[in-house]
4 protein chains.
Amino acid sequence: MAGASKEQLRDGAVRTAEIEAKPLPMTARGRRSRQALLDAANEVFARDGFADARITDIADTAKAAHGSFYTYFSSKEEIFVALLKELEEDLRSPAERNAEEPAESEDGQARDPYESILRANKAYLTAYRQHAAIMIVWEQVATLNAGVEDLRREASDRFAGRIESVIRHWQETGVADPALEPEYAALALTGMVSNFVYRWSARGSDYTLDKAAEQLSLLWANSLGVRVPGNRA
Amino acid sequence: MAGASKEQLRDGAVRTAEIEAKPLPMTARGRRSRQALLDAANEVFARDGFADARITDIADTAKAAHGSFYTYFSSKEEIFVALLKELEEDLRSPAERNAEEPAESEDGQARDPYESILRANKAYLTAYRQHAAIMIVWEQVATLNAGVEDLRREASDRFAGRIESVIRHWQETGVADPALEPEYAALALTGMVSNFVYRWSARGSDYTLDKAAEQLSLLWANSLGVRVPGNRA
Amino acid sequence: MAGASKEQLRDGAVRTAEIEAKPLPMTARGRRSRQALLDAANEVFARDGFADARITDIADTAKAAHGSFYTYFSSKEEIFVALLKELEEDLRSPAERNAEEPAESEDGQARDPYESILRANKAYLTAYRQHAAIMIVWEQVATLNAGVEDLRREASDRFAGRIESVIRHWQETGVADPALEPEYAALALTGMVSNFVYRWSARGSDYTLDKAAEQLSLLWANSLGVRVPGNRA
Amino acid sequence: MAGASKEQLRDGAVRTAEIEAKPLPMTARGRRSRQALLDAANEVFARDGFADARITDIADTAKAAHGSFYTYFSSKEEIFVALLKELEEDLRSPAERNAEEPAESEDGQARDPYESILRANKAYLTAYRQHAAIMIVWEQVATLNAGVEDLRREASDRFAGRIESVIRHWQETGVADPALEPEYAALALTGMVSNFVYRWSARGSDYTLDKAAEQLSLLWANSLGVRVPGNRA
DNA sequence: CATGAATGAGACTTCATTCAT
DNA sequence: TATGAATGAAGTCTCATTCAT
């Protein structure tokens with residue numbers, strides 16, 4: 001009478017209690033095992049996608065017994081979400097730390113708008129590239145699961161929101177085209193970059209990162225009406 | 001998706017592309033059954049995504065016996081591809097027929113570039129909107145299966161390719177920024193639109209289609225350096 | 001991604017729909033298979049009890065593939081309940097048909113009260129004996145599952161209720177001790193019989209059915225104050 | 001109860017009876033831990049029944065590590081038997097001490113038979129009531145495991161045996177109906193009481209203990225032919 | 001002794017696919 | 001062709017029990 005039976009018999013009332021996330025391990029050994037499973041999950045999800053990833057494979061890859069998986073996670077969903085949260089930290093560092101830097105360059109001058117755009121795009125492309133496989137899976141799963149969808153929307157809204165205020169600021173200071181709706185523009189332009197890198201990763205294209213960053217930034221700058229140094233009047 | 005499926009997808013990456021073993025039905029009754037299955041598949045894929053769609057559900061939705069499915073299709077992949085081919089016809093009509101029109105308006109004048117962009121975007125948004133759910137699934141499956149991936153790349157390359165030549169033409173005629181690489185720009189801009197409509201569908205946003213088309217076209221025109229009528233110099 | 005995954009991903013909202021009982025089979029072959037599973041379940045439950053019965057064993061006993069079980073039942077609980085319902089029919093026939101007979105014997109005389117008791121007890125013992133193993137399991141499972149508990153209570157209340165009115169009638173006609181509360185007495189006396197037969201079955205006792213019926217009836221008659229023919233004044 | 005359990009129960013039927021391998025703890029701390037596990041087991045068995053009780057839960061409830069369970073007990077069966085032995089002490093005190101009292105009341109007169117019955121029933125109902133949940137589990141497990149079955153039969157035989165001699169004695173002294181077989185009567189009447197209290201516990205009935213004791217005793221006395229003070233001739 | 005992590009056998013379920021009618 | 005029952009491989013999850021610290 002493995003598993004299901006108890007719940008079924010007792011109307012689930014007694015022990016169900018929603019989806020109680022497993023507690024973090026207390027010992028160092030436990031932490032190592034949990035981390036090994038997360039690393040393995042990253043590898044397996046990246047390779048097989050969400051739907052085809054098997055818990056068995058994750059455990060095997062982590063060199064753990066099947067059952068050990070359930071010591072730390074209660075489902076494929078749960079480890080996937082845990083993985084994304086870990087990933088977010090990584091992404092926030094390179095991608096956002098940059099944006100949080102002062103708007104001035106080293107020489108104390110206000111940073112040139114085009115240069116800001118270029119730096120941001122380069123940072124984004126770099127970060128995405130590094131985690132491309134799992135990012136793609138993330139995008140795929142987003143449509144299926146509310147929790148994941150939220151994480152994703154949150155992440156992209158945070159980014160788009162920052163861009164939106166920058167655009168607004170540039171409009172106020174006469175740098176950007178006032179005919180644009182900052183909300184639409186921010187959504188469209190951030191989407192342009194993420195879609196570009198997605199397709200770029202999906203096919204084995206041979207665009208270089210620098211060239212891509214430069215072209216995307218040029219489109220971005222033009223579209224906003226931001227002057228690009230060294231470009232035609 | 002028990003067991004078999006994974007293998008199929010994997011093998012599919014290698015072999016699928018041109019299977020389509022089952023012959024089209026000869027009798028009217030047969031054609032009706034096949035069409036019912038296709039319609040049902042559209043509904044089920046749109047609702048459940050590819051991985052979670054069950055052949056059982058497709059058959060049930062089509063009010064056919066499970067076994068009947070195999071009279072017309074030999075796998076989930078096959079009916080999915082058949083569905084996409086049907087879909088492409090629909091998409092080509094509104095979205096591309098437009099683009100295939102002569103570049104001149106009725107009065108014999110060369111069509112205004114911005115107007116071209118606006119028309120194209122509006123047509124694309126309209127078509128995508130109509131088939132949003134299945135388009136999203138298409139995008140998801142693209143990474144999993146080579147046959148589907150090909151269909152998808154083909155479709156978007158066809159579109160991006162056309163844009164690419166337009167840009168090239170506009171650069172030659174001094175309408176568009178010569179600093180742009182047409183290939184990058186076409187990929188990025190078509191991606192911008194498709195990503196926008198994707199996110200737009202995913203959330204229940206309340207942007208109107210006209211406003212969205214206008215803003216996207218404005219960004220697009222600006223980014224290329226195409227003059228927008230009635231906008232600041 | 002077998003089973004669980006879909007439900008988990010989609011919040012269970014779409015397809016869960018409570019516990020939709022499987023439809024009865026449409027073909028004769030299907031009916032035969034279903035019946036074979038029920039018979040097998042009877043055998044397995046009787047031998048192993050509810051908790052230790054394995055679906056695998058039921059399927060094997062019925063000479064069906066594991067998966068076939070799920071064509072007709074969706075869980076161990078469901079087949080168990082189906083089995084009990086079938087059992088009830090059997091029990092009702094010998095045990096109750098008897099009680100529903102006219103209160104007069106063939107010669108047109110009002111039936112002797114003691115004789116009524118004896119006949120009822122003998123019928124009950126006979127029926128219970130025949131299905132002893134599964135009845136015991138029924139009693140065990142009753143505490144665990146609300147649906148089964150209800151079935152059981154219903155069955156015994158129906159029996160106790162009938163006894164209660166008989167006692168009341170005998171009290172009114174001066175046959176039975178008026179100091180008794182019919183409700184308590186009915187519960188206690190029906191319980192006495194069912195408990196007796198339960199313990200009797202559990203151990204391999206060597207009491208004979210006739211002797212047991214006679215002794216139980218004697219206790220029963222005495223306790224109510226019903227005169228027993230041939231007994232001391 | 002994954003896998004192992006079934007075998008254990010089966011083997012248990014053959015071997016269990018006298019295992020009790022683990023030695024009692026030497027230190028005070030050890031004794032406290034053991035007792036905490038027993039108390040926890042009582043709670044968990046009462047709530048979940050035997051088959052669904054998990055060692056994990058027992059350990060958790062006792063606020064002990066899972067591993068600690070095995071310091072004191074080597075299986076679910078073992079702790080269950082240990083628990084029953086503890087329980088028996090409790091039951092023997094109120095229920096049997098009473099019966100072991102001299103058959104005379106304080107004034108030196110032989111105790112009235114009806115009064116004896118009433119006292120015994122009241123004591124039994126009280127004791128059972130107090131431990132109802134675990135008693136029910138006991139009854140259920142009895143069919144599964146020989147060791148437990150023995151304990152149970154021993155307990156009820158001890159009780160029924162005593163009743164049997166009382167009946168025999170009353171028959172010899174002309175107090176009870178000589179047509180009764182003392183063995184049957186004792187089994188049936190003790191069963192009547194235990195079944196009554198069982199059903200009474202199972203449903204949330206509102207019978208009072210005193211009323212129940214009185215009615216059961218009345219039935220009991222009547223059935224034996226024992227004169228009930230204050231009742232009709 | 002206590003702890004909590006690790007193990008793995010075993011049971012459950014699903015569903016694509018085949019087949020007899 | 002249509003039907004619906006049968007099959008079984010594959011994957012999920014649980015939990016008693018062992019073990020290193």
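Every chain is numbered from 1 and lettered A, B, ... according to where its sequence line falls, protein lines coming before strand lines. Note that the coordinates shown come from a computational prediction; the quantities given were computed from them, not determined experimentally.
With F:dT7, E:dA2, F:dT1 as the choices, the nucleotide that has an atom nearest any side-chain atom of D:Tyr72 turns out to be E:dA2. Listed nucleotides E:dC12, F:dT12, E:dA5 differ in distance to C:Arg54; the shortest reach to its side chain belongs to E:dC12. The side chain of C:Met26 has F:dA5 as its nearest neighbour among F:dA5, F:dT17, F:dT3. You'll find that the side chain of A:Ser33 is closest to E:dA6, out of F:dT7, E:dA6, F:dT3.
Note: A:Asp48 CG to A:Glu43 CD = 9.5 Å, rounded to the nearest 0.5 Å. Once rounded to the nearest 0.5 Å, the distance linking CG of C:Leu37 with OG1 of C:Thr61 reads 9.5 Å. From A:Lys22, atom NZ reaches atom CD1 of A:Ile79 across 12.0 Å, with rounding to the nearest 0.5 Å. Note: C:Glu86 CD to C:Gln35 CD = 4.5 Å, rounded to the nearest 0.5 Å. Separation of atoms CD1 (C:Ile58) and CZ (C:Phe45) is listed at 4.5 Å; rounding is to 0.5 Å.
Spacing between atom CZ of C:Phe73 and atom P of E:dA11 amounts to 21 Å, rounded to whole angstrom units. If you measure from atom NZ of B:Lys63 to atom P of F:dT1, you get 22 Å, rounded to the nearest angstrom. Rounded to whole angstrom, the span from the NZ atom of A:Lys22 across to the P atom of F:dT14 amounts to 7 Å. Taking atom CZ of residue B:Arg34 and atom C1' of nucleotide F:dA2, one finds them 17 Å apart after rounding to whole Å. Atoms CG (D:Asp60) and P (E:dG4) sit 10 Å apart, rounded to a whole Å. The distance between atom CG of D:Asp48 and atom P of F:dT14, rounded to the nearest whole Å, is 15 Å. Taking atom CZ of C:Phe69 as the reference point, atom C1' of E:dC15 lies 17 Å away to the nearest angstrom. Put simply, CD1 on A:Ile79 is 12 Å from P on F:dC13, counting in whole angstrom units.
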Might you list the N or O atoms of the protein lying below 3.5 Å from N or O atoms in nucleotides 18-21 of chain F, with each pair's distance?
none

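With contacts defined as side-chain heavy-atom distances shorter than 4.5 Å, the pair B:Thr27/B:Arg31 does not qualify. D:Thr56 has its side chain out of reach of D:Phe69: every pair of non-hydrogen atoms, C-beta onward, lies at least 4.5 Å apart.
Looking at heavy-atom distances under 4.0 Å, D:Thr56 makes contact with sugar-phosphate atoms alone, never a base. As judged by a 4.0 angstrom heavy-atom cut-off over every strand, B:Ser68 is placed among the base-contacting residues.
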**Request:** Starting from the C-alpha separation in whole Å, work towards a yes-or-no answer on side-chain contact (heavy atoms from CB on, under 4.5 Å) for C:Asp60 and C:His66.
**Result:** CA-CA 7 Å; C:Asp60 286 352; C:His66 297 175; 4.1 Å; yes
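Both key distances under 3.5 Å define a Watson-Crick or G-U pair, and stretches of 3 or more such consecutive pairs in DNA chain F run E:2-21 with F:2-21.
The separation of F:dT21 from E:dC1, taken at their C1' atoms, amounts to 13 Å, rounded to a whole angstrom.
Checked by atom type and distance alone, the side chain of C:Ser74 never pairs as donor or acceptor with a backbone atom of C:Tyr70 at under 3.5 Å.
The side-chain tip of A:Lys76 points at the ring of A:Phe50 from less than 6.0 angstrom away and within 45° of straight on.
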